[in-house]
Amino acid sequence: PTTGNIYVADQLGNCVKVFDGSGKFLFKFGGSVDNSEMKRPGGIVISDNRVIVTQHAQSIINSTGCILDHQFNGMFLSAAGGYGSGDLEFGNPSGLAVDESTGDIYICDSDNHRVQIVSKEFEYITQFGNDKLQCPRDVKR
């Protein structure tokens, strides 16, 4: 289920801004507003009563991860991922998608030229595209 609201990753505002269906601003989360310490958010997806946001790996603040998990109301739940090129590490995570049948999350890792797949608990599953992609920005499933 969704809220009917519109969630926008505001990269320069360092937050996610939430609007109702008519475009009226409701609230924001991220930045210094909550514990996620969001910095330069990129991709955003809504799935399983969660708002999942990517943020630039080099912008990680206070050990917060590259993938941030929130409730619909903006309450921070958890984070995962770090800066690098290994499993569950990212150079610049951007667009993401969710396989609604499994809950698996597909995350574009632009600087590492790949897409990583993680479980809904943010556990690494696999990756693809390393030799076929050149800076992927968005993915849909």
Side-chain angles (χ1 to χ4, degrees), residues 1-31 33-141:
T2 62
T3 64
N5 292 335
I6 302 164
Y7 292 76
V8 179
D10 186 352
Q11 190 173 53
L12 294 181
N14 297 317
C15 64
V16 170
K17 293 182 178 169
V18 183
F19 300 83
D20 70 14
S22 69
K24 177 184 174 194
F25 176 76
L26 299 174
F27 63 94
K28 68 180 181 176
F29 60 90
V33 177
D34 64 20
N35 290 330
S36 72
E37 298 285 344
M38 192 179 298
K39 182 79 169 167
R40 293 181 61 197
I44 186 169
V45 69
I46 297 174
S47 177
D48 195 27
N49 294 319
R50 300 159 51 189
V51 180
I52 303 166
V53 182
T54 60
Q55 69 175 343
H56 195 281
Q58 292 179 332
S59 299
I60 296 173
I61 303 171
N62 298 331
S63 300
T64 300
C66 300
I67 310 163
L68 307 174
D69 192 8
H70 293 83
Q71 293 179 346
F72 282 140
N73 65 3
M75 179 182 220
F76 176 68
L77 297 172
S78 64
Y83 178 70
S85 59
D87 297 347
L88 204 57
E89 293 180 338
F90 300 87
N92 184 11
S94 51
L96 65 167
V98 173
D99 181 334
E100 293 297 338
S101 67
T102 63
D104 294 344
I105 306 165
Y106 293 68
I107 306 165
C108 287
D109 185 5
S110 300
D111 289 356
N112 290 318
H113 316 290
R114 63 187 178 177
V115 174
Q116 291 196 62
I117 304 171
V118 300
S119 71
K120 61 184 175 183
E121 293 83 17
F122 299 136
E123 296 169 353
Y124 176 82
I125 296 174
T126 191
Q127 61 182 283
F128 65 89
N130 306 61
D131 59 344
K132 302 289 184 205
L133 296 173
Q134 299 177 28
C135 195
R137 300 299 295 165
D138 203 5
V139 61
K140 296 298 175 230
R141 174 73 183 169

State whether the side chain of [X] and the backbone N or O of [Y] hold a donor-acceptor pair below 3.5 Å, judged by distance alone.
| X | Y | value |
| --- | --- | --- |
| N112 | R114 | no |
| Q55 | G65 | yes |
| S94 | G43 | no |

For this session: Hey, could you give me each pair passing salt bridge (Lys or Arg N to Asp or Glu O under 4.0 Å) that has a residue in residues 11-23? Not counting sequence neighbours.
Result: D10-K17
I need the [X] [atom1] to [Y] [atom2] distance, nearest 0.5 Å.
| X | Y | atom1 | atom2 | value |
| --- | --- | --- | --- | --- |
| T102 | I117 | OG1 | CD1 | 8.5 Å |
| N73 | F27 | CG | CZ | 6.0 Å |
| R50 | M75 | CZ | CE | 15.0 Å |
| K132 | H113 | NZ | NE2 | 14.5 Å |
| D104 | E123 | CG | CD | 10.5 Å |
| C108 | Q116 | SG | CD | 10.5 Å |

Exercise. Excluding sequence neighbours, so at least two apart, what forms ring-ring contact (aromatic ring centres under 6.0 Å, His included) with F128?
Worked result: none
I'd like to check [X] versus [Y] (side-chain heavy atoms, cut-off strictly below 4.5 Å). Are they in contact?
| X | Y | value |
| --- | --- | --- |
| F19 | V8 | yes |
| F72 | Y7 | yes |
| F90 | T54 | no |
| N14 | R40 | yes |

Exercise. Does atom CD of Q134 have more than 12 heavy-atom neighbours, drawn from other residues, nucleotides or ligands, at distances under 6.0 Å?
Worked result: no
Exercise. Would one find more than 12 heavy atoms of other residues, nucleotides or ligands at under 6.0 Å from atom NZ of K140?
Worked result: yes
Measure across [X] and [Y] and return the closest heavy-atom pair with its distance rounded to 0.1 Å.
| X | Y | result |
| --- | --- | --- |
| K28 | F25 | N-CZ, 3.8 Å |
| I44 | L96 | N-CD2, 3.3 Å |
| P41 | C15 | CG-O, 3.5 Å |

For this session: Output all residues satisfying salt bridge (charged side-chain N to carboxylate O under 4.0 Å, His left out) with R141, sequence neighbours left out; order by chain, then residue number.
Result: D99
For this session: From the options I52, V115, V139, I67, select the one residue that forms a side chain to side chain contact (heavy atoms under 4.5 Å, CB included) with I107.
Result: I67
For this session: Let me see the working for D69 and E121 under side chain to side chain contact (heavy atoms under 4.5 Å, CB included), right down to the final yes or no.
Result: CA-CA 10 Å; D69 192 8; E121 293 83 17; over 6 Å; no
